[in-house]
There are 2 protein chains.
Amino acid sequence: MNLPPLVQTFVLHFGEMGSRWGINRTVGQIYALLYLSKEPLNAEDIVERLGVSRSNVSMGLKELQAWNLVRLQHKPGDRRDYFSTPDDIWQIVRTLVEERKKREIDPTMTLLREVLMQEPASTEERHAQERMREMHDLFELLTGWYADVQRLDTERLVQLLTLGSKVQKILEMKDRLFVVPGSKKSRRDDPKDK
Amino acid sequence: MNLPPLVQTFVLHFGEMGSRWGINRTVGQIYALLYLSKEPLNAEDIVERLGVSRSNVSMGLKELQAWNLVRLQHKPGDRRDYFSTPDDIWQIVRTLVEERKKREIDPTMTLLREVLMQEPASTEERHAQERMREMHDLFELLTGWYADVQRLDTERLVQLLTLGSKVQKILEMKDRLFVVPGSKKSRRDDPKDK
DNA sequence: CACATATTTCAGAAAATACTGAAACTTCAG
DNA sequence: CTGAAGTTTCAGTATTTTCTGAAATATGTG
């Protein structure tokens, strides 16, 4: 591995972190490298800097492309593929969340919906279904929230996040100003709320 | 594997999902089983239902305990260990986020802080540091937001999530109502905002 | 304390995943 | 069409991870 110490530390860390995330070490390292690099890199650059095989880099880049995490581009008069990450880190976050949702939440939701359609054949199944419904509703709430804030432009999003729970204060203020008549309680409430 | 079909579907799915999450199949399956089960289960119950070895279950339970994801309890006159998941799914979410933060974000933040202290030895390192600072600031914003909303009780949290970006509307309204004089812009703004 | 029950540990087998080098394929310039 | 440059694929190997059975350890009970 042939990198400035500062960069190497980060690249190595990301490689290890990758494992906890279900992506392999090389993929993590490639991504970290591209993230830190000012200029787009071609496959050979990556091979040199990380000291892994050309084919491994090829596979890694393919995976990163499948995740939409890297951008492929060309330099005039050079037919090699160059790769980079978006300059805007918020774009990266958005892509990451989007892709993870697609791979992890969506299939789970499909399965939950299917299972929830079925007729429980026992008390045990009935209870299991109830638990699955809770999970389904939770995911729905969470993805709904995400779909919603995801549309905000970055500035407003940051504003919202910075505010955090202080929003709550404003909400209360609003409630006091405009008394909402009988805000409907449709969802059956879970009594246990520790 | 000896489970009602409906439960089996879910358990199997979670097992597979586990792989994408850096936890192994058995751990995923054990957790899914406990999540769906009305009654706490002991290790032998789990062995029977999942059809894996006793030692594998022991390891799996140990890992789930390390994650704080299962609760250990005892039945009177029975010295076996029984395991269950919290009834409140929001408690589960909180634990999950907490633990992932502890294992993934915190070590990364430590590393970022260390690296940001160092003196860059080249333009390349300078740029890399700049990128790391962006990541650092991003994580700080995100964890700050989380630390904040995490304190809300579940009802208010749900309220907030349900509202989503509509909060924005209320914020604008507030701004119009109470014109804040010279709202200080402490945080240095990133010019690129695509 | 001895015996039964319950749990954990651990070395090695089995399975899954990552990685490599060589070959195959693609694209483009001349 | 040919060959050079670039990229991907793939079969085999290496590495890592998961899983098991057997042994060790712990925790009661009579």
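A note on names: the letters A, B, ... follow the listed sequences, proteins ahead of strands, and every chain is numbered from 1. When reading the values below, keep in mind they use all heavy atoms of this one structure, side chains included, and skip hydrogens, waters and symmetry mates. Model, not experiment: these values are computed from the prediction.
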For Asn24(A), which contact category applies under a 4.0 Å heavy-atom criterion: base, sugar-phosphate, or nothing?
sugar-phosphate
Heavy-atom closest pair (Gln73(B) atom, Pro40(B) atom, distance to 0.1 Å) is NE2-CG, 3.8 Å
Need one value for Thr26(A): base, sugar-phosphate or nothing, where a base atom within 4.0 Å counts as base even if backbone is also close, heavy atoms only.
sugar-phosphate
What is the distance, to the nearest angstrom, from the CG atom on Leu72(A) to the C1' atom on dT7(D)?
12 Å
Test for a donor-acceptor pair under 3.5 Å between the base of dG21(D) and the side chain of Ser53(B), counting only N and O atoms.
no
If you check the Lys62(A) side chain, which of dT9(D), dT7(C), dA22(D) turns out closest?
dT9(D)
Can you tell me the distance, in whole Å, between the CG atom of Asn56(A) and the P atom of dT16(D)?
13 Å
So Arg54(B), base contact, sugar-phosphate only, or nothing? Heavy-atom distance under 4.0 Å.
base
Can you tell me how far C1' of dG6(D) sits from CE of Met59(A), to the nearest Å?
17 Å
Of Ala43(A) and Arg25(A), the one whose nearest nucleotide on DNA chain D sits closer to the 5' end is Ala43(A)
Atom CG of Leu61(B) and atom C1' of dA6(C): how far apart are they, to the nearest Å?
13 Å
For Leu138(A), which of Ile92(B), Leu161(B), Ile89(B), Val158(B) qualifies under side chain to side chain contact (heavy atoms under 4.5 Å, CB included)?
Ile89(B)
Within less than 4.0 Å of OP1 or OP2 of dT8(C), is there a side-chain N or O belonging to Ser58(B)?
yes
Applying ring pair (Phe, Tyr, Trp, His ring centres under 6.0 Å), which residue pairs with at least one partner in residues 76-128 of chain B are found, sequence neighbours left out?
none
For side chain to side chain donor-acceptor pair (under 3.5 Å), just list the numbers for Thr26(A) and Asn56(A), CA-CA rounded to whole Å, side-chain angles, deciding distance to a tenth of an Å, and then say yes or no.
CA-CA 8 Å; Thr26(A) 308; Asn56(A) 198 359; 3.2 Å; yes
Arg79(A) side chain near dT7(D) phosphate (N/O to OP1/OP2, under 4.0 Å):
no
So Asp81(A), base contact, sugar-phosphate only, or nothing? Heavy-atom distance under 4.0 Å.
sugar-phosphate
Which whole-number value in Å describes the distance from Gln65(B) CD to dT9(C) P?
11 Å
Nearest-Å distance for atom pair CD1/C1', residues Ile23(B) and dT17(D)
14 Å
Whole angstroms only, please: what is the CG-P distance between Leu41(B) and dT7(C)?
13 Å
Tell me whether Arg100(A) forms a cation-pi arrangement with Trp21(A), defined as NZ or CZ under 6.0 Å from the six-membered ring centre and within 45 degrees of its axis.
yes
Atom-pair distance (CE on Met1(A); P on dC19(C)), nearest Å
11 Å
